[in-house]
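After the structure tokens below, expect a handful of questions from me.
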Amino acid sequence: MAADNPAESLQEEATCPICLEYFTDPVTLECGHNFCHVCISQCWEGPNTAASCPQCRETVQQRNLRPNRQLGNMVEIAKRLSFQAAKGAGGSGVCERHQEALKLFCEEDQTPICVICHLSWAHRAHRVVPIEEAAQEYKVKLQGALGPLRKELEEALALMSKEEEKTTEWQGNVKMKREMIAGEFNKLHTLLREEERMLLHSLAGEERETLQRLQENVTKLSWQSSSLQQLITEIEEKCQQPVAELLKDVKSTLSRTENVKLQEPEAVSTDLKNVYKISLDMREALKRYGVDMTLDPDTANPWLVLSEDRKCVRDGDTRQDLPDNRERFDPCACVLGADVVAGGRCYWEVGVEDKTEWDLGVCSESVCRKQEVTLTPEHGYWVLRLEDGKYEAFTSPSTPIPVSVRPSRVGIFLDYGAGKVSFYNVTDRSHLFTFTGTFLGMLRPYFHPGLHSGGTNTAPLIICPVLAPAGGNLGP
């Protein structure tokens, strides 16, 4: 065996027969056998222990342990040779303790070991298998675990994608809400600035008128005071004159005093005529642009029924025999407001409390009325819809509108110059949506009450009165 594998023979010669590991601080007995200094010392511990060689059992007369430095040097050479041999063979690494190739795998400690480790007390009773066999077994197990892990990864990536989509959608909603808030406050600021300008203009006019009348009173009283002072001075001088002079024209002087009568100044009220109330509520500000809206029967679809005061419209049960004038919508079941807007601002409110379907907004006066309509700004319509319990703005594509409180009344504000049509939930005083663009030509309020749907949507759209705050409508 030694001739077949000199390296293994050298390893055996460098191994202590007691601990079966490389010699550590080797010593030689009288019989010529070698042991680790610690190993032989432990064998001879105790007072009654006979001093004999653990290998040949020869009695040792004197415990004379001679250090074997040459054997120690040989052990170091054997370690290096074993390490180089294992490293050159590739293998699974080298045991740090014994510098041997890691050829075995301890199942209990789940660690690669060398042959010397297996023979030691630490692993002697453990189940070990060849390291390649263990690697193959665990490779199969690991590959079996890949399938479920890949499935979990796929699900995790899908969930992550959904969360990223949620994040993007949420950030988009936040951006839109932020822009809406900024836009609404900018609109309110604009309205307040105009309200301030007009209120100050009105106050300045009232100030000028009242001050002029008060000044006229002061001027008249000043003139009367001067005349009285002059008469008093004349009478005082006359009283100081001699008798003959005093009696001269005295009757005329007395008559002048009798005719003196103070003229009271004209009563001028200093109470402010207008109530200069500033509203920080958007609806209160918008009501200043309120218009007395009515419906135009010449534009109403023959299926629609208008009230006598032209404030209500609903879907009827029969088609009416009406003139087929070019202004009338047919087949679209809608009607326009009588007001034509070509500039400025106007605001109106429509009651929708019991309805399940409706369209509201504005449209261009020039839209075609003898065909099905496409409710988008590109086709001249700026419209909001309720259908199947959902609210949406007819943009391209349509924009869903989240509504937390169902509106019983919808406010519509048209700012022609700014190119904006804004919709408000009057019930909870919240903003619903704003169309922004550029208007060309005249616009008309647009109403579509929706089909009565077998009796579920028979309630009418009702144009509600919008009262301007005290002080009058300050709109242009």
Testing the 3.5 Å rule here: is there a donor-acceptor pair between the side chains of Thr376 and Thr374?
no

Residues passing the salt bridge (charged side-chain N to carboxylate O under 4.0 Å, His left out) test with Asp292, sequence neighbours excluded, are Lys311

Please say whether more than 12 non-hydrogen atoms of neighbouring residues, nucleotides or ligands are located less than 6.0 Å from NZ in Lys370.
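Correct, the count exceeds 12.
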
Just how far is it from atom SG of Cys334 to atom OH of Tyr381, taken to the nearest 0.5 Å?
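Interatomic distance, Cys334 SG to Tyr381 OH, rounded to 0.5 Å: 6.0 Å.
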
Within 6.0 Å of CZ in Arg69, more than 12 heavy atoms from elsewhere:
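Counting neighbours around CZ of Arg69, 12 or fewer heavy atoms of other residues, nucleotides or ligands fall under 6.0 Å, so no.
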
Show every salt bridge (Lys or Arg N to Asp or Glu O under 4.0 Å) that has at least one partner inside residues 139-158, sequence neighbours left out.
Glu137-Lys141

Could you check if a side-chain atom of Leu443 sits within less than 4.5 angstrom of a side-chain atom of Val421, using non-hydrogen atoms only?
no

What's the spacing between Leu65 CG and Asn34 CG if we round to 0.5 Å?
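Rounded to the nearest 0.5 Å, the CG-CG separation comes to 11.0 Å.
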
For a quick test of your reading: what N or O donor-acceptor pairs under 3.5 Å do the side chains of residues 383-407 make, sequence neighbours left out?
{"from": "Arg385", "atom 1": "NE", "to": "Asp359", "atom 2": "OD1", "distance (Å)": "2.8"}
{"from": "Arg385", "atom 1": "NE", "to": "Asp359", "atom 2": "OD2", "distance (Å)": "3.4"}
{"from": "Arg385", "atom 1": "NH2", "to": "Asp359", "atom 2": "OD2", "distance (Å)": "2.9"}
{"from": "Glu392", "atom 1": "OE1", "to": "Ser398", "atom 2": "OG", "distance (Å)": "3.1"}
{"from": "Thr395", "atom 1": "OG1", "to": "Pro397", "atom 2": "O", "distance (Å)": "2.4"}
{"from": "Thr395", "atom 1": "OG1", "to": "Thr399", "atom 2": "N", "distance (Å)": "3.3"}
{"from": "Thr395", "atom 1": "OG1", "to": "Thr399", "atom 2": "OG1", "distance (Å)": "2.8"}
{"from": "Ser396", "atom 1": "OG", "to": "Glu378", "atom 2": "OE1", "distance (Å)": "3.3"}
{"from": "Arg406", "atom 1": "NH2", "to": "Lys355", "atom 2": "O", "distance (Å)": "2.3"}

Below 4.5 Å, heavy atoms only, C-beta onward: do Val373 and Val367 meet side chain to side chain?
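Side chain of Val373 against side chain of Val367, heavy atoms only: no contact under 4.5 Å found.
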
The criterion is side chain to side chain donor-acceptor pair (under 3.5 Å); which residues satisfy it with Arg319, sequence neighbours excluded?
Asp330

Once rounded to the nearest 0.5 Å, what's the spacing between atom CZ of Phe329 and atom CD of Glu327?
10.5 Å

Is the backbone N or O of Ala459 less than 3.5 Å from a side-chain atom of Asp354, with the two atoms forming a donor-acceptor pair by type?
no

For Ser430, does its backbone N or O pair with a side-chain atom of Asn425 as donor and acceptor, under 3.5 Å?
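Pair absent, no side-chain N/O of Asn425 close to backbone of Ser430.
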
Could you tell me whether the side chain of Pro377 reaches within less than 4.5 Å of the side chain of Phe439, counting heavy atoms only?
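No, too far: nothing below the 4.5 Å cut-off.
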
Using the rule given for side chain to side chain contact (heavy atoms under 4.5 Å, CB included), can you reason through Phe423 versus His431, listing the C-alpha separation, both sets of side-chain angles and the distance that settles it, and then say yes or no?
CA-CA 6 Å; Phe423 297 81; His431 172 262; over 6 Å; no

For Thr15, check side chain to side chain donor-acceptor pair (under 3.5 Å) against everything at least two apart and list the hits.
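Listed in chain order: nothing, the list is empty.
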
Counting N and O atoms only, with roles assigned by atom type, does the side chain of Asn457 sit under 3.5 Å from a partner on the main chain of Thr356, one being a donor and the other an acceptor?
yes

Would you mind reporting whether Glu372 and Pro331 have side-chain heavy atoms less than 4.5 Å apart?
yes

Whether over 12 other heavy atoms sit under 6.0 Å from Glu108 CD:
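Above 12, so yes.
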
Any side-chain heavy atom of Phe23 sitting closer than 4.5 Å to one from Met74?
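Heavy-atom side-chain distance check fails, nothing below 4.5 Å.
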
So does Glu163 pair up with Lys166, basic N to acidic O under 4.0 Å?
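Judged by the 4.0 Å cut-off on N to carboxylate O distance, Glu163 and Lys166 do form a salt bridge.
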
Contacts of Thr294 that satisfy side chain to side chain donor-acceptor pair (under 3.5 Å) - sequence neighbours left out:
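For Thr294, no residue satisfies side chain to side chain donor-acceptor pair (under 3.5 Å) once neighbours in sequence are set aside.
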
Backbone of Cys312 reached by a side-chain donor or acceptor of Ser307 within 3.5 Å:
yes

List for me each residue that meets ring pair (Phe, Tyr, Trp, His ring centres under 6.0 Å) alongside Phe413, sequence neighbours excluded, and say none if there are none.
Tyr289

Among all residues two or more places apart in sequence or in another chain, which pass the ring pair (Phe, Tyr, Trp, His ring centres under 6.0 Å) test with His201?
none

Taking the side chain as every heavy atom from C-beta outward, state whether Val466 and Val291 have any atom pair closer than 4.5 Å.
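Side-chain contact under 4.5 Å: no.
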
Closer than 3.5 angstrom, by distance alone: can the side chain of Asp25 be matched with the main-chain N or O of Pro67 as a donor-acceptor pair?
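Not a single qualifying donor-acceptor pair exists.
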
Taking the side chain from Trp382 and the backbone from Thr436, do they hold a donor-acceptor pair closer than 3.5 Å?
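Absent.
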
Under the side-chain hydrogen bond (donor to acceptor under 3.5 Å, both in side chains) rule, what pairs show up with a residue in residues 410-422, not counting sequence neighbours?
Lys187-Ser422, Arg345-Asp415, Ser422-Thr434

Partner set under salt bridge (charged side-chain N to carboxylate O under 4.0 Å, His left out) for Arg127, not counting sequence neighbours
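In terms of salt bridge (charged side-chain N to carboxylate O under 4.0 Å, His left out), with neighbours along the sequence ignored, Arg127 is linked to Glu107.
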
Hey, does Leu336 have a side-chain heavy atom less than 4.5 Å from the side chain of Arg369?
yes

Leu304 CG to Leu295 CG distance, which is reported to the nearest 0.5 Å
9.5 Å

Would the number of heavy atoms belonging to other residues, nucleotides or ligands and lying under 6.0 Å from CZ of Arg409 be above 12?
yes

Just verifying a value: how many Å separate Ile131 CD1 and Gln136 CD, rounded to the nearest 0.5 Å?
13.0 Å

So, taking the atom named CD1 in Ile116 and the one named CG in Leu104, what distance separates them when rounded to the nearest 0.5 Å?
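The distance works out to 11.5 Å.
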
For residues 139-173, pull every pair meeting ring-ring contact (aromatic ring centres under 6.0 Å, His included), keeping only residues two or more places apart or in separate chains.
none

Can you tell me if Ser52 uses its side chain to pair, donor with acceptor, with the backbone of Arg57 under 3.5 Å?
no

Student check: side-chain heavy atoms of Arg314 and Thr458 closer than 4.5 Å:
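They are not in contact (no side-chain heavy atoms under 4.5 Å apart), so the answer is no.
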
Filter on salt bridge (Lys or Arg N to Asp or Glu O under 4.0 Å), then keep only pairs touching residues 434-453, sequence neighbours left out; what's left?
Asp296-Arg444, Glu365-Arg444

